[in-house]
Amino acid sequence: MDKKYIFVTGGVVSSLGKGIISASIGKLLQARGYKVTIQKFDPYINIDPGTLNPYEHGECYVTVDGMETDLDLGHYERFTGIHTTRNNSITTGRIYKTVIDRERRGDYLGKTIQVVPHVTDEIKRRMLREGLDEDLDFVITEVGGTIGDIESAPFMEAIRQLRWQLGRDAVCVHLTYVPYLRAAGELKTKPTQHSVKELQGMGIQPDILVLRTERHLDNALRMKVASFCNVDLECVVQSEDMPSIYEVPVSMQRQGLDAAILRKIGIPVGETPPMKPWNAFLEKQRHATREVQVALVGKYDLQDAYKSIRESLNLAGIYNNVKVKICFVNSEEITTQNVASKLNGMAGMVICPGFGSRGVEGKVIAAEYGRTNDIPTFGICLGMQMMVIEFARNVLGYKDANSSEMDGETPHNVIDMMEEQKSITQMGGTMRLGAYDCVLREGSLAFAAYGGTSHISERHRHRYEFNNRYKAEYEAKGMACVGVNPDADLVEIVEVPSLRWYIGTQFHPEYSSTVLHPHPLFMSFIKACEDGTAEA
């Protein structure tokens, strides 16, 4: 069949969960046998979120082809198992850059460049994924921000035009908020009505409404919303707070969201698919009773800053039949005097990625504590580099060892900038990004974690790397370089074989962990944490 298009917009307030709803729609359509992709259009003018502070935008997710993207793409991949690319993440900055570059080349033949039609045409081209050789049934497009934002106006105009051009091949799903006023004891639909009215004022009539709520909505309230917003009752769906975001697709299926979409597009609905693997995962989640505490050692005290790591830990816990309790430990506050109390009771720790010198010494101290006390320790990217620096200072005897990122004058730069990075002057999109190959040493813990596979591919986001000049010294003193890139000889994984579980990865394994396929390193790490708890 011809491609069908689903547009997901949001109103009233931000952070309602458009990404989770988009991912859930994708999962439900996949369960019916359709091929889907999900893309995010963000209204901000940055080319990508790669240069944004995590406090501004949360985690920066990286696709296999090396695009720095919004964290919602992580939800898309974890729910559906698809591999997103740079074509799945579009910002206003990328749109305008393309239009301006074309104008400079003379592609517009002297025309005056305007938002309509030139900017909106470029948005439409990307929404339709023109020029891409893809075998897809559905393209789901989530538009960031909130209806009424001045930045999102060109995207709304593009959707308005596409709705007319595509006819029944396009559906608009609008997510709004239904607040509960405790003093009045009532749920209020007026914010939803105003949000839909504003959307209608832009020329877009939503086909389906998803009402975000903290309390159950009865049929009378849904009927009221349907009547005031010109939407069929069966197309008014509620998204209640759930114990887990992974319950959302099942809730949406139970209410017939996927069926409503198919009816609107004119596709026979058929029987509801059972989603057996997904429901088996949820059963595991519900029956996990034992708790394992894992410290997240980082400097961003914000849940979304380490979103993929948190989800990867939780997923691995569920498949190990345990609940992972993640305890954030601010690395800026860690000292040699308080590290024991900060990490007291933790079955393991993850030393988080990041950039810059703030909080790194606390990570070094945490790495030493994990190594000397044989606590399962997982260092990711910068976290791995801090494990390497700690080992150099306290085992190799180089007390001034450091990364040239933190100290450009250090005589023992055990972590150094990659050669090809030294000539780069621009920050955005210039790091070592995307998936690269890695060869694992047979007999290593990492090799066992990957199930005896010697060749893997993982995603990267860094400029600095293990300095191979010191490799022989590390190997001789007990830190093994067990994963190496076969093309550039860059060290990808280090471990201390004498310890129960002490592994650092230069790559980001969290980007590859999905609901149905948790990452093997996280699985192995949680198993080590669980075993240590059982022994205690």
Tyr306 and Tyr300 aromatic ring geometry - parallel, tilted or perpendicular at 30°/60° bounds:
tilted
Go through the steps to decide whether Thr37 and Glu134 satisfy the test side chain to side chain donor-acceptor pair (under 3.5 Å), and finish with yes or no.
CA-CA 10 Å; Thr37 195; Glu134 298 174 312; 5.3 Å; no
Hey, what do you get for CD1 (Ile326) to CD (Gln293), rounding to the nearest 0.5 Å?
11.5 Å
Is the backbone N or O of Pro43 less than 3.5 Å from a side-chain atom of Thr92, with the two atoms forming a donor-acceptor pair by type?
yes
Could you tell me if the side chain of Leu73 sits less than 4.5 Å from the side chain of Lys40, heavy atoms only?
yes
Do the ring centers of Phe522 and Phe378 come within less than 6.0 Å of each other?
yes
Could you grab the distance from atom CG of Leu343 to atom CD1 of Ile334, nearest 0.5 Å is fine?
5.5 Å
Which atoms form the tightest heavy-atom contact between Ala347 and Ile375, and what is the distance?
O-CG2, 4.1 Å
Side-chain touch Thr505/Ile503, heavy atoms, less than 4.5 angstrom:
yes
Nearest non-hydrogen partners of Ile309 and Ile380, listed with the distance
CD1-CD1, 4.0 Å
Flag yes if more than 12 heavy atoms outside Lys284 fall under 6.0 Å of its NZ atom; otherwise flag no.
yes
Please check if atom NZ in Lys471 has more than 12 non-hydrogen atoms from other residues, nucleotides or ligands closer than 6.0 Å.
yes
Donor + acceptor pair across side chains of Thr377, Trp501 (<3.5 Å)
no
Check whether the side chains of Thr84 and Glu77 place a donor and an acceptor atom closer than 3.5 Å, and report yes or no.
yes
Arg290 bridged to Glu530 by N-O distance under 4.0 Å:
yes
So does Arg212 pair up with Asp241, basic N to acidic O under 4.0 Å?
yes
Where do Leu52 and Cys60 land on the side-chain contact (heavy atoms from CB on, under 4.5 Å) test, with the steps shown first?
CA-CA 8 Å; Leu52 290 176; Cys60 178; over 6 Å; no
Does Asn413 reach the main-chain N or O of Ile415 with its side chain, forming a donor-acceptor pair under 3.5 Å?
no
Apply the test side-chain contact (heavy atoms from CB on, under 4.5 Å) to residues Gln303 and Arg310: give CA-CA distance (whole Å), side-chain angles for both, the deciding distance (0.1 Å), then the verdict.
CA-CA 8 Å; Gln303 183 167 310; Arg310 287 176 174 272; 3.9 Å; yes
Have Gln506 and Gln385 got a donor and an acceptor in their side chains that come within less than 3.5 Å?
yes
From Ser89 OG over to Arg94 CZ, what is the distance, rounded to the nearest 0.5 angstrom?
6.5 Å
Taking C-beta and beyond as the side chain, do Lys35 and Ile82 meet within less than 4.5 Å on heavy atoms?
no
Report yes if the side chains of Leu257 and Ile25 come closer than 4.5 Å at any heavy-atom pair, otherwise no.
yes
So which atom in Asn279 and which in Pro274 form the shortest heavy-atom distance, rounded to 0.1 Å?
ND2-O, 2.9 Å
Below 4.0 angstrom, N of the basic side chain to O of the carboxylate: do Lys299 and Glu333 qualify?
no
Pair Arg441 + Glu475, salt bridge at N-O below 4.0 Å:
yes
In this structure, CG of Asn338 is separated from CD1 of Ile365 (nearest 0.5 Å) by 8.0 Å
After noting the C-alpha distance and the side-chain angles of Glu247 and Arg286, does the key distance pass the salt bridge (Lys or Arg N to Asp or Glu O under 4.0 Å) rule?
CA-CA 11 Å; Glu247 301 269 3; Arg286 295 180 192 118; 3.0 Å; yes
Between Tyr474 and Val388, is there a donor-acceptor pair closer than 3.5 Å when you use the side chain of the first and the backbone of the second?
yes
Heavy-atom closest pair (Phe525 atom, Met349 atom, distance to 0.1 Å) is CZ-O, 3.5 Å
Kindly indicate whether the side chain of Leu521, heavy atoms from C-beta on, has any atom under 4.5 Å from the side chain of Phe507.
yes
Assess the pair Tyr450 and His519: is the distance between their ring centroids shorter than 6.0 Å?
yes
Cation-pi check, Arg371 to Tyr369: give yes when NZ or CZ is under 6.0 Å from the six-membered ring centre and within 45° of the ring axis, no otherwise.
no
What do the steps show when you test Glu361 against Arg393 for salt bridge (Lys or Arg N to Asp or Glu O under 4.0 Å), and what is the final call?
CA-CA 12 Å; Glu361 289 302 322; Arg393 291 178 183 178; 2.9 Å; yes
Between Asp416 and Ser404, does any side-chain donor sit less than 3.5 Å from a side-chain acceptor?
yes
With a 4.5 Å cut-off on side-chain heavy atoms, are Thr146 and Val12 touching?
no
Would you call Glu492 and Arg432 a salt bridge, taking side-chain N to carboxylate O under 4.0 Å as the test?
yes
Heavy-atom nearest pair, Thr514 first then Gly81, reads CG2-CA, 4.4 Å
What orientation do Tyr398 and Tyr470 show, parallel under 30°, tilted 30 to 60°, or perpendicular over 60°?
perpendicular
Indicate whether any N or O donor in one side chain lies under 3.5 Å from an N or O acceptor in the other, for Glu240 and Ser251.
no
From CA spacing to verdict: side-chain contact (heavy atoms from CB on, under 4.5 Å), Phe355, Glu405:
CA-CA 9 Å; Phe355 296 93; Glu405 178 185 7; 4.2 Å; yes
Would you mind reporting whether Arg32 and Thr272 have side-chain heavy atoms less than 4.5 Å apart?
yes
Starting at CG of Asp407, measure out to CD of Glu409 and round the result to the nearest 0.5 Å.
7.0 Å
Once you measure the plane-to-plane angle for Phe79 and Trp278, does it fall in the parallel (<30°), tilted (30-60°) or perpendicular (>60°) bin?
tilted
Atom of Tyr319, atom of Pro518 and distance for their closest heavy-atom approach
CD1-CG, 3.4 Å
Rounded to the nearest 0.5 Å, what separation is found between the CG atom of Leu382 and the CZ atom of Arg461?
11.5 Å
Does CD1 belonging to Ile45 count more than 12 external heavy atoms closer than 6.0 Å?
no
Dump the intermediate steps for salt bridge (Lys or Arg N to Asp or Glu O under 4.0 Å) on Lys307 and Glu311, then the final yes or no.
CA-CA 6 Å; Lys307 190 66 177 177; Glu311 294 305 318; 3.7 Å; yes
Would Tyr61 and Glu68 count as a side chain to side chain donor-acceptor pair (under 3.5 Å) here? Give the steps.
CA-CA 6 Å; Tyr61 191 77; Glu68 295 172 297; over 6 Å; no
Thr141 and Ile6, any side-chain heavy atoms less than 4.5 Å apart
no
Set out, in order, the CA-CA distance, both residues' side-chain angles and the distance that settles side-chain contact (heavy atoms from CB on, under 4.5 Å) for Ile47 and Lys97, then state yes or no.
CA-CA 8 Å; Ile47 297 294; Lys97 186 175 187 305; 3.8 Å; yes
If only atom types and distance count, is the side chain of Ser331 paired as donor or acceptor with the main-chain N or O of Gly359 below 3.5 Å?
yes
Cationic tip of Arg459 above Tyr511 ring, under 6.0 Å, 45° of axis
no
Exercise: do Gln39 and Arg129 side chains pair donor with acceptor under 3.5 Å:
yes
Donor on one side chain, acceptor on other, Gln285 and Ser244, under 3.5 Å:
yes
